[in-house]
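Before any comments, here is the structure.
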Amino acid sequence: MTIKTRFAPSPTGSLHIGGVRTALYSWLHARHNNGSFVLRIEDTDLERSTDEATDIILKCMDWLGLDYDEGPYYQTQRSKRYQDVIEELLETDNAYYCYCTKDEVENMRKEAMKRGEKPKYNGYWRNKKRIPKSTEKPVVRFKNPLDGEVVLDDLVQGKVVFNNEELDDLIIARADGSATYNLSVIVDDMDMKITDVIRGDDHLNNTPRQINILKSLKANIPNYAHIPMILDSDGKKLSKRNSNASILTYRDEGYIPEALLNYLIRLGWSKGDQEIFSIKEMISDFDIKKVNKSSSSLNIKKLRWLNQQYMKDINISKAVKFLTEFFDMKNVSIKDGPSLEELIEFQKDRVHTLTELAEKSVFFYSDFDEYDNKLAAKHLIAEVLEPMSKFCQSLEELNDWESIKIKNIFESTINQYEIDFGMLAQPVRVAITGTGISPSIDQTLYLLGKAKSLVRLHRAIDHIKNNTAS
Ligand code: GLU
């Protein structure tokens, strides 16, 4: 049978990193088995679902390259179908109207607890078969089997057994007639012919209920794989408020989608010690049965390291697009400066993310207003006045602005004054970047261009003169 999986996010907030891993595993399981992958937007919670969240899901799937063969389906467009299935369940006596008020149900639950049982609805209307009057608005409950068990052979969790006795008759239609989560999910999984349901283990308790409804509809029961949560670095559940939880954080910080997917596949699945997997390798090697049962913690340092590896082979045109938008947003004009292609080639091996690349490169395009005070006090000092002036003068005389020639001038200056490398390099760094950080001096000056380099060196020389004049 052809494997068919789905990703079924609820658009009730920003797409969560845990959700993305679920999507990745579902996608990989389909692709590995030459199957198909469905995207389904579970937007039935009208109060909490937003178009914006749906839009983010669609854009992020696209950004990550998780392409789907069917969908996006929207549950809000399928309510008629859910009503039909609810009708069918009522007609076949697998469901019934329940007229209990919330308080009555609450009391039943309390009573059960008093008896030392699990709190649950006691089945009061289960066999009463009363058809509602036009003024009544009962809920519809599913007739869960009273005894026996549901045995789940979960692809990740292994064998899990649930006693029907402990499951109550869950509500499948609310008082307003709308279908609840468990009902709409099984109708969709059934209609969309999903063979393998891969989702977070927070849904594990829903599974026996969903299996029972599917059985009553004589539908096929899919395979299930419940994958553990992603925890934060302190081992706690990754709260939605934590900015590392949202996938947008990674997109906006200039992570490379393939690196993020590579990180996520390894968070709960491994193949020996291999750290880096191309998408092709992920597809050929991924095995859902080898996913860890225990939760994994998010380790941003590790992710940054991995992204750094991917930066070396970054897709230049995608990076140009990112940087153009980034500089635009920061009002940095890139007109007078190195081309973005040149900049990327120059910086990509030294940074972890595209945002870091951009931030560390602003000085190529904009003049800075002030030096870092401490660094200026430490490096722009009387002793460097002479070597720096000489260095500047020699650069002025240089006709071919080439990295190697700049390097030669630098070396001959420090040799002439018999000073250490850092004694001239650090002041030059402060002079041209305002801070103490830059890649190699010769290459930085080369990329900055002769005119800008000289202006900044002169400015630093003036600074030294003004601050050391007695
Ligand atoms: N819509 C559910 C969620 O976002 C997932 C349901 C499922 O995968 O069965 O948690």
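Note that ligands are numbered from 1 as they come in the structure, with each ligand's atoms numbered from 1 the same way. These numbers come from a predicted model, not from an experiment.
The backbone N or O of N144 sits nowhere less than 3.5 Å from a side-chain atom of N212 that would complete a donor-acceptor pair. Panel note: side chain W269, backbone F286; no donor-acceptor pair is recorded below 3.5 Å.
In this structure, F327 and Y365 have tilted ring planes: the angle between them lies in the 30° to 60° band. The aromatic rings of Y97 and Y99 are tilted relative to each other, their planes meeting at an angle between 30° and 60°.
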Pick out the protein N or O atoms lying less than 3.5 Å from any N or O of ligand 1, and list each pair with its distance.
from     : atom 1 : to   : atom 2 : distance (Å)
ligand 1 : 1 (N)  : A8   : O      : 2.7
ligand 1 : 1 (N)  : S10  : OG     : 2.9
ligand 1 : 1 (N)  : E42  : OE1    : 2.6
ligand 1 : 4 (O)  : S10  : N      : 3.2
ligand 1 : 4 (O)  : S10  : OG     : 3.2
ligand 1 : 8 (O)  : R6   : NH1    : 2.6
ligand 1 : 9 (O)  : R6   : NH1    : 3.4
ligand 1 : 9 (O)  : R6   : NH2    : 2.8
ligand 1 : 9 (O)  : Y181 : OH     : 3.1
ligand 1 : 9 (O)  : R199 : NH1    : 2.7
ligand 1 : 10 (O) : H203 : NE2    : 2.8

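Between the CD1 atom in I213 and the CG atom in N94 there is a gap of 10.0 Å [rounded to 0.5 Å].
Using a 3.5 Å distance cut-off with no hydrogens or angles, the side chains of S14 and S246 do pair a donor with an acceptor.
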